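Some notes on the structure that comes next.
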Amino acid sequence: MRNSLLNGAHWNSIEGENIMREIVIEVKDVMKQFPTGAFLHKKIQVLDEITFELEEGENLAIVGPNGSGKTTLLKILATIYLPDKGSVKIYDHDIFKDISKVRDMISFVSPALSFQKKLTLRETLKFFSGIQDSNIEDIYPFLEEIGLDQLMDERLEGFSEGQKAMTRLAIGMLKHPKILLLDEVTATLDVRRKEEVIDYIDKLDAKLDLTLGLIDHDPMVVDRLCHKILLLRRGGTILRFANVSDLFHEIPYRYDVKVYPRKPLKTKVLDSFGFPYEKLGDFVRFFTQSKKEVDEIHDKLFEKLEAEEIIEFSTSGLSLEDMYFFFLAKET
Ligand SMILES: Nc1ncnc2c1ncn2[C@@H]1O[C@H](COP(=O)(O)OP(=O)(O)OP(=O)(O)O)[C@@H](O)[C@H]1O
Ligand SMILES: [Mg+2]
């Protein structure tokens, strides 16, 4: 159960239903600029007119091209930066007025957190638990789950990038946050570790009723952990803010199939497959809804052509970049 931290908390009522949901994060018309130029005499606009709300139980994914302000937005939620305009409330606490209350509830896990190389993992965790007045024992289950417990007396200088990422996450957990903000934490993890970390975050979320705000490039991570998605344009404005499931449904395909033929395929042949496609230089890209349809294209292709006529046949699931460009193209 969520313990209501807050007096006068702010709620959303859902029309037609008798459900009141607490608003966990409320961002209104946020703008952020940074000084730039040789004499810092100019300003670049990094975020503009950012407005959205997250209700209890919802997790957010932030997606957008490099430099679109994703990290800046997470840092504003973590009170590392303050907005130049607009307001941010966390459980109805204004970040300008109640900054220390907000800070108590939030952990921001940054890939930029660096370590004292000569310290062991145990010493490092002790150092951070000292700052945060918390106990290493509390995060032992997490350390065990991801195998870091075996490395407690190893120095951080010997850690891989993936192990360092998990150490940063462990440090983020030390604080027992209500809101966990994750900036590309899974980027350096291999597939197995990523699964383990996501499983653990998912369990933790179910148990502690966390709110997650994360930046990630992997649709699997977003699909597993997040309910809402915020697509940022270059220039830091909102392209879309929606339910993850709604956005995925708006896109008319799930998998694309790339075929590199030795000789260009005739339009008549391509049409006969019965799937939407586009020709891009030397290859053709088909769009399908399911893995079964991918198999269908594969079988038809090898019925029509000899194996040596095809240089490559490959398939991949919809990526977040594909999704981003789909909505960007729809807009123009
Ligand atoms: N402290 C700062 N001072 C000056 N400019 C900054 C600062 N922090 C970020 N910026 C600028 O703001 C813009 C947005 O940066 P931000 O790191 O938020 O983008 P991002 O979407 O997280 O990008 P990436 O995908 O590369 O991580 C960039 O142009 C960046 O150079
Ligand atoms: Mg970033």
Side-chain angles (χ1 to χ4, degrees), residues 25 27-52 54 59-88 90 95-96 99 102-103 106-114 161-162 164-169 171-172 179-189 194 197-198 201 212-222 225-226 228-242 244 247 318-328 331:
I25 297 177
V27 175
K28 260 194 203 152
D29 203 18
V30 159
M31 189 268 269
K32 181 74 190 165
Q33 297 182 326
F34 286 114
T36 184
F39 305 102
L40 300 179
H41 57 299
K42 289 190 268 177
K43 289 196 162 162
I44 56 159
Q45 184 112 325
V46 176
L47 292 170
D48 195 25
E49 295 182 339
I50 303 293
T51 298
F52 67 92
L54 270 197
N59 296 330
L60 175 73
I62 305 172
V63 171
N66 294 132
S68 57
K70 303 180 295 294
T71 298
T72 305
L73 180 56
L74 273 199
K75 285 185 175 172
I76 287 176
L77 296 178
T79 73
I80 295 166
Y81 297 142
L82 288 172
D84 294 319
K85 223 183 86 185
S87 71
V88 177
I90 306 290
I95 57 164
F96 285 100
I99 198 161
V102 171
R103 282 189 178 159
I106 290 184
S107 261
F108 173 60
V109 179
S110 165
L113 176 68
S114 53
E161 283 311 309
K164 283 188 205 157
M166 289 188 287
T167 304
R168 291 188 188 98
L169 190 56
I171 292 167
I179 299 174
L180 188 59
L181 303 175
L182 308 172
D183 192 350
E184 305 201 25
V185 285
T186 71
T188 53
L189 304 182
K194 200 184 268 196
V197 167
I198 290 167
I201 295 174
L212 303 174
L214 55 91
I215 301 169
D216 209 290
H217 294 288
D218 187 336
M220 187 269 284
V221 176
V222 172
L225 294 178
C226 300
K228 289 275 159 99
I229 189 163
L230 182 72
L231 300 182
L232 288 180
R233 284 190 199 92
R234 216 171 275 286
T237 52
I238 295 182
L239 174 60
R240 285 292 292 271
F241 173 65
V244 172
L247 276 202
L318 181 74
S319 72
L320 286 173
E321 279 71 22
D322 288 338
M323 184 160 151
Y324 179 81
F325 286 112
F326 176 84
F327 287 106
L328 197 67
E331 201 189 30

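As the structure is a prediction and not an experimental result, all values here were calculated from the model. Both ligands and their constituent atoms are indexed starting at 1 by order of listing.
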What is the ring orientation for F52 with F241, classed by angle as parallel under 30°, tilted 30 to 60°, or perpendicular over 60°?
-> tilted

For S68, the ligand 1 atoms with a heavy-atom partner under 4.0 Å come out as 19 (O), 21 (O)

Within a distance under 2.8 Å of the Mg ion (ligand 2), the protein atoms of type N, O or S are T71 OG1

Any heavy atom of G236 closer to ligand 1 than 4.0 angstrom? no

On a heavy-atom basis, the closest approach of L212 and N59 is N-OD1, 2.8 Å

- Does a side-chain heavy-atom distance below 4.5 Å link M220 with I198? yes

A student checking ligand 1 against P65 at a 4.0 Å heavy-atom cut-off should list atoms 21 (O)

> R168 versus V185: any side-chain heavy-atom pair under 4.5 Å?
Replying inline: no

Heavy-atom proximity to atom 29 (O) of ligand 1 ranks first, among V63, I44, V46, I80, for I44

* Just wondering, do L214 and I201 contact through their side chains at under 4.5 Å, heavy atoms? -> no

side-chain contact (heavy atoms from CB on, under 4.5 Å) with L82: of I95, I76, V88, V30, only one passes, and it is I95

| field | Within-4.5 Å side-chain heavy-atom neighbours: K85 and D29 | value | yes

Q) Can a non-hydrogen atom of G64 be found less than 4.0 Å from any atom of ligand 1? A) no

When distances are taken from atom 26 (O) of ligand 1, the protein heavy atom at minimum range is N66 ND2, 3.2 Å

Worksheet entry | Any protein heavy atom < 4.0 Å from atom 31 (O) of ligand 1 | no

Under 4.0 Å from atom 2 (C) of ligand 1, is there at least one protein heavy atom? yes

The closest protein heavy-atom partner of atom 6 (C) of ligand 1 is F34 CD1, 3.2 Å

